[in-house]
Amino acid sequence: MLQGLSSVMALGLRCFRLTHLAICNSLAALARPVSDVTLKTVSGRQSDHRQYLAHSALPVRHFATKKAKAKGKGQSQTRVNINAALVGDIINLEEVNEELQSVVEALKDNFNRTLNIRTSPGSLDHITVVTADGKLALNQIGQISMKSPQLILVNMTNFPECTAAAIKAIRESGMNLNPEVEGTLIRVPIPKVTREHREMLVKLAKQSTNKAKDSLRKVRTNAMSKLKKSKDKTSEDTIRLIEKQISQMADDTVAEVERHLAVKTKELLG
């Protein structure tokens with residue numbers, strides 16, 4: 001009798017422990033995020049009924065979404081700053097920088113000379129005219145003056161044979177000019193400042209900027225080509241650092257020309 005009672009008590013105690021464990025695990029599962037919980041099937045020895053106990057999941061690798069990756073692209077990358085003197089026997093970084101900056105200066109000069117709301121005599125000075133003696137600036141073969149706020153005159157008396165070429169150069173200058181000729185005198189009416197004219201100038205500014213970017217890419221490509229010639233006598237790590245420096249210089253210069261374009265666009269649109 002006592003032996004049967006002991007068996008019943010032992011079985012009851014065992015059931016109590018299993019029930020207590022299940023309750024505790026269930027409460028713990030409720031306290032954790034769903035992503036941190038998995039379900040495990042447990043089969044009891046004394047019964048065919050199965051219980052589902054919660055337990056901690058294994059660490060899971062979460063992959064970045066497209067949105068997160070796109071956001072990460074905007075973060076600044078590690079920059080390098082190589083002393084040009086230390087790699088002078090491999091490549092002249094100062095010379096590369098000068099070539100990059102010459103592109104910027106050419107763009108700024110183009111903006112100032114040809115992309116102005118008010119056309120002035122000075123804006124025609126450097127229009128290139130193709131002549132029998134080669135390419136010459138318009139102010140070298142013609143006398144440019146302002147007749148009125150709405151009219152510029154180009155006197156071709158000294159080089160009458162270049163009159164037709166000068167007219168063509170003015171018309172194709174991208175300044176929206178439509179010259180008229182009277183003998184050796186070229187009359188250049190100044191277009192009215194309309195919204196369309198402003199937008200046309202902005203379009204020309206973007207075209208000039210794109211050409212400048214093409215020039216910057218050529219400078220970068222030429223520099224990389226020179227660098228490749230030193231790969232046999234220079235360590236790979238050094239080559240990679242110099243390549244990164246050149247790319248960084250080129251990217252910085254592209255950003256600079258884009259800033260000039262933004263300023264010019266704001267100026268033109270008013």
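Count residues from 1 along the sequence. Note that the coordinates shown come from a computational prediction; the quantities given were computed from them, not determined experimentally.
- Note that OG1 of Thr184 is 9.0 Å distant from CG of Asn158, once rounded to the nearest 0.5 Å.
- Cluster membership check: Val263 does not share its hydrophobic cluster with Leu201, using side-chain heavy-atom separations under 4.5 Å among Ile, Leu, Val, Met, Phe, Trp and Tyr.
- Inter-residue side-chain proximity for Gln101 and Val104 is flagged as met; some heavy-atom pair is nearer than 4.5 Å.
- With contacts defined as side-chain heavy-atom distances shorter than 4.5 Å, the pair Leu93/Gln245 qualifies.
- Distance check, rounded to the nearest 0.5 Å: CG of Asn210 to OG of Ser215 gives 11.0 Å.
- In plain terms, the two heavy atoms of Ala212 and Val103 that are nearest each other are O-CG1, 3.4 Å.
- The shortest heavy-atom contact between Pro189 and Leu177 is O-CD2, 4.0 Å.
- With respect to the salt-bridge test (charged N to carboxylate O, under 4.0 angstrom), the residues Arg79 and Asp252 qualify.
- Remark: Arg220 CZ to Ile246 CD1 distance equals 8.0 Å, nearest 0.5 Å.
- If you take CD1 on Ile186 and CG on Leu138, they are separated by 7.0 Å, rounding to the nearest 0.5 Å.
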* In sequence, state the C-alpha distance, the side-chain angles, and the governing distance for Asn155 and Thr157, and then conclude on side chain to side chain donor-acceptor pair (under 3.5 Å). => CA-CA 6 Å; Asn155 192 329; Thr157 303; 2.4 Å; yes

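- Identified under the salt bridge (Lys or Arg N to Asp or Glu O under 4.0 Å) test for residues 195-204, with sequence neighbours left out: Arg195-Glu199.
- Scanning all heavy atoms of the two residues, the minimum distance from Leu204 to Leu115 falls at CB-CD2, 3.7 Å.
- Although no hydrogens or angles enter the test, the distance criterion places no donor-acceptor pair under 3.5 Å between the side chain of Glu172 and the main chain of Ala169.
- A 4.5 Å side-chain heavy-atom check between His197 and Thr194 finds at least one atom pair inside the cut-off.
- Among all heavy-atom pairs drawn from Pro179 and Ile170, the shortest one is CG-CG2, 3.9 Å.
- Under the 4.0 Å criterion applied to side-chain N and carboxylate O atoms, Asp214 and Lys211 are not assigned as salt-bridge partners.
- There is no path of hydrophobic side-chain contacts, each under 4.5 Å, that joins Leu136 to Val130.
- Judged by distance alone, the side chain of Thr221 and the main-chain N or O of Arg217 form a donor-acceptor pair under 3.5 Å.
- Taking NZ of Lys244 as the start and CD1 of Ile239 as the end, the distance is 15.5 Å to the nearest 0.5 Å.
- In this structure, OG1 on Thr78 lies 10.0 Å from CD on Gln248, to the nearest 0.5 angstrom.
- Counting only heavy atoms from C-beta outward, the side chains of Ile190 and Ile152 approach each other to under 4.5 Å.
- Taking every heavy atom of both residues into account, Val219 and Leu100 meet most closely at CG1-CD2, 3.6 Å.
- In this structure, Leu185 is not a member of the same hydrophobic cluster as Ile141, with clusters built from ILVMFWY side-chain heavy atoms closer than 4.5 Å.
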* Asked: What do the steps show when you test Arg171 against Ile167 for side-chain contact (heavy atoms from CB on, under 4.5 Å), and what is the final call?
  -> CA-CA 6 Å; Arg171 187 171 287 129; Ile167 292 174; 3.6 Å; yes

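- Val188 has its side chain out of reach of Leu153: every pair of non-hydrogen atoms, C-beta onward, lies at least 4.5 Å apart.
- Closest approach of Leu261 and Thr209 over heavy atoms only: CD1-OG1, 3.6 Å.
- Of the possible donor and acceptor atoms, one in the side chain of Asn222 sits under 3.5 Å from a partner among the backbone N and O of Lys218.
- With contacts defined as side-chain heavy-atom distances shorter than 4.5 Å, the pair Ile91/Ile242 qualifies.
- Hydrophobic clustering places Val181 together with Val154 (ILVMFWY residues linked when any side-chain heavy atoms are closer than 4.5 Å, directly or through intermediates).
- Enclosure of atom CD in Glu258 by more than 12 non-hydrogen atoms of other residues, nucleotides or ligands within 6.0 angstrom is indicated.
- Ion pairing of Glu243 with Arg240 is absent here, as no side-chain N (NZ or NE/NH1/NH2) approaches a carboxylate O to less than 4.0 Å.
- Note: the hydrophobic cluster containing Leu269 also contains Met200 (ILVMFWY, side chain heavy atoms under 4.5 Å, direct or indirect links).
- No donor-acceptor pair closer than 3.5 Å links the side chain of Asn110 to the backbone N or O of Ala106.
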